[in-house]
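To start, the structure under review is shown below, and the notes come after it.
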Protein chains: 2
Amino acid sequence: MTGTSTRAAIAEAARRQFQAGGYAATSVRSVAAEAGVDAALVMRHFGSKEQLFIETIDVEGAFEQALDGPADGLGERLVSLVLDDRLGRVFRTTYRAMIRATDSDQVRAHLLEAMDATLAAPLAARLTGPDARLRARLVAAQVGGLLEAVAILEDPVVTGAPAADVARWYGAAVQALVDGDA
Amino acid sequence: MTGTSTRAAIAEAARRQFQAGGYAATSVRSVAAEAGVDAALVMRHFGSKEQLFIETIDVEGAFEQALDGPADGLGERLVSLVLDDRLGRVFRTTYRAMIRATDSDQVRAHLLEAMDATLAAPLAARLTGPDARLRARLVAAQVGGLLEAVAILEDPVVTGAPAADVARWYGAAVQALVDGDA
DNA sequence: GTCTATAAGGTGATAGAC
DNA sequence: GTCTATCACCTTATAGAC
């Protein structure tokens, strides 16, 4: 096994286990075992479990699809994307793993930056009216709240409701911030 | 030291440490040390660290103050309460500790029920129009998203903005779900 | 680069004596 | 109720063979 493929095998096993079981439940040993290498190699390649997590987990480009298109209906598109069985699935498990690992300041900073880069910053550039930057971050907070409800707390009222209903109600609330209604 | 006062001393030390440092960073041994007892006693009294957390941490009555009063302006009152330096402080640290500990199914269920009992259920009883129960839970999701932004991710744009601005913008978005605008 | 072996220090939890 | 001793496990890290 060459160097890069060993590193890739570790990263792949880590990504899978972090998404499936979260940060705390995933051990360096179990990642090494799945990758077919020794635990010491994981440390050698990534330095620490924390760094392995940060370099492995990512949400890049998650919202591109919803951000494309007109400002009208953007709120509903964002909500629908998050709820979509197929498109939102990896993002939901990834977000859950990251939030639960925010005990670590590095993970917290990484998640904050990821949400900014993939959602708040591109959105802020599109918003008109006062406090565009703040409003974009508050939209990100709303999206985070929805992710929390469906992926972390698994609220049965929300997950059990028709996605179209959730998209209509929550989408309208998101749209209020997009439009700048206050 | 008698039985009940020992239990109370353990609970008090646990509550303080869980709020200050979160679930993972708090050890049964450190709680026992602060309470002036042996670590085994903590297990004897509470059964597990998980159970100690659940029985110790609580958010009861956190939103009563905002839920009182007219439906008009309720969104803004909720947001202001969460952001208030004094009134929202314990709730923010408690919520943060709980969210980060939702790896545990017991903690997850406890937090879900706490948010329902203190916010979603009393709110649902007041809402008029269709999907009242769902809308109340989505309001809870929005509040959770704001808590996440200020207490977990510590978004500098949100925490650095004037509380009145955040209350106006985010409050209006919450109010959209309270009023049933869709 | 790769791997084996091992160490230090911490964790939750349990058994059993007093 | 209280405490001592102990278990099995974890992460981080290092030394050294190949």
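Chain identifiers are assigned alphabetically (A, B, ...) following the order of the sequence lines, protein sequences preceding nucleic acid strands; residue numbering begins at 1 within each chain. The shown structure was predicted, so the numbers you read here are calculated from the model rather than taken from an experiment.
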For the side chain of A:H45, starting at C-beta, report the closest nucleotide among D:dC3, D:dC10, C:dT2. C:dT2
Please list, chain by chain and in numerical order, all residues satisfying side chain to side chain contact (heavy atoms under 4.5 Å, CB included) with B:D84, sequence neighbours excluded. B:R86, B:L87
Whole-Å distance, B:L41 CG to D:dT2 P, equals 5 Å
Return the value, rounded to whole Å, for the distance between atom CG of A:L52 and atom P of D:dC10. 16 Å
Any side-chain N or O of B:T6 below 4.0 angstrom from OP1/OP2 of D:dT2? yes
Below 3.5 Å between N/O atoms, which protein atoms pair up with nucleotides 12-16 of chain D? Just atom names and distances, please.
residue	atom	partner	partner atom	Å
D:dT12	OP2	A:K49	N	3.4
D:dA13	OP2	A:G47	O	3.4

On the ring face of A:F46, is A:R7 found with NZ or CZ under 6.0 Å from the centre and within 45° of the axis? yes
To the nearest 0.5 angstrom, please state how far the NZ atom of A:K49 sits from the CE atom of A:M43. 10.5 Å
Hey, are A:Q19 and A:T94 close enough side-chain-wise for a donor-acceptor pair under 3.5 Å? yes
Quick note, ring-ring contact (aromatic ring centres under 6.0 Å, His included) partners involving residues 7-28 of chain A, not counting sequence neighbours, are A:F18-A:Y23, A:F18-A:F53, A:Y23-A:F53
Give me the atom names and distance for the closest heavy-atom approach of A:L177 to A:Q142. CD1-OE1, 3.3 Å
Taken to the nearest whole Å, CZ/A:F46 to P/C:dT2 is 12 Å
Just how far, in rounded Å, is C1' of D:dT6 from CG of B:D38? 13 Å
What does B:S30 touch in the nucleic acid at a heavy-atom separation under 4.0 angstrom: a base, only the sugar-phosphate, or nothing? nothing
Whole-Å distance between C:dG1 P and A:R7 CZ? 10 Å
